[in-house]
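Supplied in structure tokens, the structure appears directly below.
Values below: all heavy atoms of this structure, side chains included; hydrogens, waters and symmetry mates excluded.
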Amino acid sequence: MDSTMILTALLMLVAGIGVFLISCNMLSSNLESISSSKLRAMFSKASKSKVRGVGIGAVSTAAIQSSGATTVLVIGFVNAGIMSLPLAASIIYGANIGTTITAQIVALGSFGDSISMSAIFSAFAGIGAFMNLFAKSDKYKKIGGIVAGFGLLFVGLSLMSDSMEGFAELPEVKEFLASIDSIILLLLLGVILTAIVQSSSVVTGIAVVMVAEGMISLDQGIYLTMGSNIGSCIVAIIAGFTSGLNAKRTALIHLLFNTFGVILFVIVGYIVSPFGFSYGMIFQSLFPDMGAVQLAMFHTFFNCVTVIIMLPLTNKLISLVMKILPDKQIDEPVDDSVPHMFYINDYMLKTPAIAVEQVKNEIINMSRLAMDNFRSSYNMIMTMDFTDLEEFRKNEEQIDYLNKEVARFLVKLSNLPLSKSDSIYISTAYRSITDLERIGDYAENIMEYAEKMKETNEGFSNIAKAEIEKVEKLVEDLYDKILVAYSMKDNRSLEIAYDIEEQIDIFTDEMAENHIKRLNEGVCTLDVGAKYLALASDTERVADHLINFGKTIRDLKPYSQ
């Protein structure tokens, strides 16, 4: 091979890796989008059952074709306090099993007559492209994307295989690769390559192709693949160590689990080697003349055995992690110091369908904060007790923060592949956070009325207070129904909420009329009366914004999954 041929081969290799990465992304985004409701249901039904957690992790990762995305999602759940460490650990175990599906797909293309099989599977790229182009429904467009991604996977593999075929014939390449017989060096190479491309699937796929082309031995491919398992932790480490303490622990669980598995297999490999055995020999005898299948099967075997061994030891693993990262490392929870998001972070953008569900949780939490401040403001103006004023101001700061940060997150999320219902929901979410922020503002207005009344040593009459208590009760009832309607997409609760909101409109009008009478009778002063009228007006507007918040479910109804 001259320099031109070598350069051409290198360019084809880079092209093949690029197509392979794009195909993985297409499979991930379209599979996730089309199965979003199923993925959400699996995570919402997650319990303390370790076996169920493994199943959830395996199925989720097989569906979205990314163990890194699943692990980052789990870290986000743990950081939000809605998933325990034992359950997170078991889902991570399952993710390691689910990720082996990629190697099996790669091996499938090398089974039997590799050229013929590659050509057949590569044709799916065109079939999927036509489906995506001519399909009218969003669902079939997504299916077309899945089929196209599957086909492109084999296009990329063919490019890599063709580029390596020439290299495999070079004596210099054969000698260099044959010289890498150090297990530690092969493991490190797998770790480094995976950390660079941030995908163990790509590194494993390349290793499978290299074994199939005879560029490396099966044992070399095995240790490269084991190293890629450790390298795959880099995404989780980045996600975890920029979050809370439990998120760091989850990332460390992932790293230790993968590392323990590799150490265990390396030790066993050293023990059996003096007796003339190796992993390569065992899998060659089980799957003769099928190099790619041998490595893919080892990859699955390695991850399954590691899970079987580590599953009963989960509590001990968690105890070790707790000792490495004890509670005393963090003096104060981040929650109490600065405004923050409770349920979402940017790492969740790797799994848009689940991120949408977490946006919903974040918005519901924002509604609770707004209503907490509404209650506090009413308590202040009724009792002139400002004990909760500092907490009120913190809540208001948190609400303003969420209004800006959730909107920023929604902009990023809206640019990702989403199902029709999720896209519609995102458009309504912008309006929802604005409505909730306005409720917080009206609560702040009422708190300021109370402050001014305290300065002038004024207060409402007992009759006025009775009316205020009644309208507050109506707003509480309204919020309860709105929360059920929004959370469960319950139109019946929304209809009841409309009736309550109409009662609030009527009653606030009555409050204004009654105030005029009391003013004429000299029961209250002009200044206090003005604040009373403002309070009634603000309360009516709070009810309007609550209705706006709840009625967004009507936009979603035609697209309910």
Do Leu252 and Arg249 have side chains that get closer than 4.5 Å, going by heavy atoms?
no
For the backbone of Leu410 and the side chain of Tyr430, can you confirm whether one donor and one acceptor N or O come within less than 3.5 Å of each other?
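Pair found, side chain donor or acceptor close to backbone of Leu410.
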Between Ser423 and Leu418 the two heavy atoms that sit nearest each other are OG-CB, 3.6 Å
Distance-only polar pair, side chains of Glu444 and Asn373, donor-acceptor under 3.5 Å
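Glu444 vs Asn373: no donor-acceptor pair found between side chains.
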Charged N to carboxylate O below 4.0 Å: is that the case for Arg438 and Asp435?
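A salt bridge is absent here (no side-chain N lies under 4.0 Å from a carboxylate O).
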Can you tell me if Gln398 uses its side chain to pair, donor with acceptor, with the backbone of His340 under 3.5 Å?
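Yes.
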Would you indicate whether the side-chain heavy atoms of Ile92 and Thr250 approach each other to under 4.5 Å?
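They are in contact (side-chain heavy atoms under 4.5 Å apart), so the answer is yes.
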Could you tell me if the side chain of Met341 sits less than 4.5 Å from the side chain of Phe409, heavy atoms only?
yes
Side chains of Asn361 and Gln358: any donor to acceptor distance under 3.5 Å?
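Distance-only check passes for Gln358 and Asn361.
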Shortest non-hydrogen contact from Ser487 to Ile364?
OG-CD1, 3.5 Å
With sequence neighbours left out, which residue pairs that include part of residues 399-409 fulfil the side chain to side chain donor-acceptor pair (under 3.5 Å) condition?
Asp346-Arg408, Glu405-Arg408
Test side-chain contact (heavy atoms from CB on, under 4.5 Å) applied to Leu546 and Val475, step by step:
CA-CA 9 Å; Leu546 283 173; Val475 173; 4.1 Å; yes
Is it the case that the side chains of Ser367 and Tyr479 hold a donor-acceptor pair, with the cut-off being a distance below 3.5 Å and no angle test?
yes
Using a 4.5 Å cut-off on heavy atoms from C-beta on, say whether the side chain of Leu85 contacts that of Met322.
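Sidechains of Leu85 and Met322: in contact.
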Value for CE (Met371) from CG (Asn395), rounded to nearest 0.5 Å, stands at 12.5 Å
Could you tell me which non-hydrogen atom of Val528 sits nearest to which non-hydrogen atom of Gly459, and how far apart they are?
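Reported closest heavy-atom pair: CG1-O, 3.9 Å.
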Do the non-hydrogen side-chain atoms of Glu495 and Lys481 ever get within less than 4.5 Å of each other?
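Glu495 does not reach Lys481 side chain to side chain.
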His545 and Thr434: CA distance, side-chain angles, deciding distance, side-chain contact (heavy atoms from CB on, under 4.5 Å) verdict
CA-CA 9 Å; His545 286 296; Thr434 300; over 6 Å; no
Mind checking whether Asn365 and Glu362 have side chains closer than 4.5 Å, heavy atoms only?
yes
Report yes or no: do Tyr93 and Thr314 form a side-chain donor-acceptor pair below 3.5 Å?
yes
Sub-4.5 Å side-chain heavy-atom contact between Thr508 and Ser537:
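A side-chain contact is absent here, since even the closest heavy-atom pair is not under 4.5 Å.
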Enclosure of Asn415 CG (heavy-atom neighbours >12, cutoff 6.0 Å)
yes
Salt bridge (charged side-chain N to carboxylate O under 4.0 Å, His left out) with Lys473: which residues, sequence neighbours excluded?
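Counting only residues at least two positions away or on another chain, Lys473 forms a salt bridge (charged side-chain N to carboxylate O under 4.0 Å, His left out) with Asp477.
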If you look only at pairs with a residue in residues 368-397, which of them pass as a ring pair (Phe, Tyr, Trp, His ring centres under 6.0 Å), with sequence neighbours excluded?
Phe374-Tyr378
Return the set of residues passing side chain to side chain donor-acceptor pair (under 3.5 Å) with Asp544 (not counting sequence neighbours), or none when no residue passes.
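Result, side chain to side chain donor-acceptor pair (under 3.5 Å) vs Asp544: none returned.
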Residue pair Asn132, Tyr140: steps toward the side-chain contact (heavy atoms from CB on, under 4.5 Å) verdict:
CA-CA 7 Å; Asn132 187 275; Tyr140 287 105; over 6 Å; no
If you draw a 6.0 Å radius around CD in Glu502, do more than 12 non-hydrogen atoms from other residues or ligands fall strictly inside?
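Check fails, neighbour count at 12 or below.
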When rounded to the nearest 0.5 angstrom, what distance separates CD in Glu448 from CE in Met380?
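Reported to 0.5 Å precision, the distance equals 11.0 Å.
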Spatial distance of atom CD1 (Ile439) from atom OG (Ser377) [nearest 0.5 Å]:
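The distance works out to 11.5 Å.
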Where do Asp490 and Ser493 come nearest, in terms of heavy atoms and distance?
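Where Asp490 meets Ser493 most closely, the heavy atoms are OD2-OG, 2.8 Å.
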Kindly compute the distance separating CD (Glu501) from CD1 (Ile482), expressed to the nearest 0.5 Å.
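Atom-to-atom, Glu501:CD and Ile482:CD1 are 9.0 Å apart.
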Pair Leu402-Leu369, side-chain contact (heavy atoms from CB on, under 4.5 Å): steps then yes or no
CA-CA 10 Å; Leu402 288 174; Leu369 290 171; 3.9 Å; yes
Closest approach of Leu317 to Phe257 (non-hydrogen atoms, all atoms of both residues):
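Scanning both residues, the minimum pair turns out to be CD2-CB, 4.4 Å.
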Within a reach of under 6.0 Å around CE of Met384, are more than 12 heavy atoms found that belong to other residues, nucleotides or ligands?
yes
How long is the span from the CZ atom in Phe260 to the CG atom in Leu255, to the nearest 0.5 Å?
9.0 Å
Donor on one side chain, acceptor on other, Asp538 and Tyr449, under 3.5 Å
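There is such a pair (donor and acceptor under 3.5 Å, judged by atom type) between the side chains of Asp538 and Tyr449.
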Residues two or more places apart in sequence or in another chain: which of them pass salt bridge (charged side-chain N to carboxylate O under 4.0 Å, His left out) with Glu451?
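Testing Glu451 for salt bridge (charged side-chain N to carboxylate O under 4.0 Å, His left out), a comparison that skips the adjacent residues, returns Arg393.
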Flag the pair Ile399 / Leu436 as yes when at least one side-chain heavy-atom distance between them is below 4.5 Å, and no otherwise.
no
Under 4.0 Å between a side-chain nitrogen and a carboxylate oxygen: does that hold for Glu458 and Lys531?
no
Can you name the salt bridge (charged side-chain N to carboxylate O under 4.0 Å, His left out) partners of Glu469, sequence neighbours left out?
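With neighbours one apart ignored, the set is empty.
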Starting at NZ of Lys452, measure out to CE of Met447 and round the result to the nearest 0.5 Å.
10.5 Å
Between Leu416 and Lys412, which heavy-atom pair has the shortest distance, and what is it?
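Heavy-atom minimum between the residues: CG-O, 3.6 Å.
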Assess the side chains of Asn258 and Asn96: does a donor N or O sit below 3.5 Å from an acceptor N or O?
yes
Check the orientation of Phe460 and Tyr532. Use parallel for under 30°, tilted for 30 to 60°, and perpendicular for over 60°.
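Perpendicular: the ring planes of Phe460 and Tyr532 meet at over 60°.
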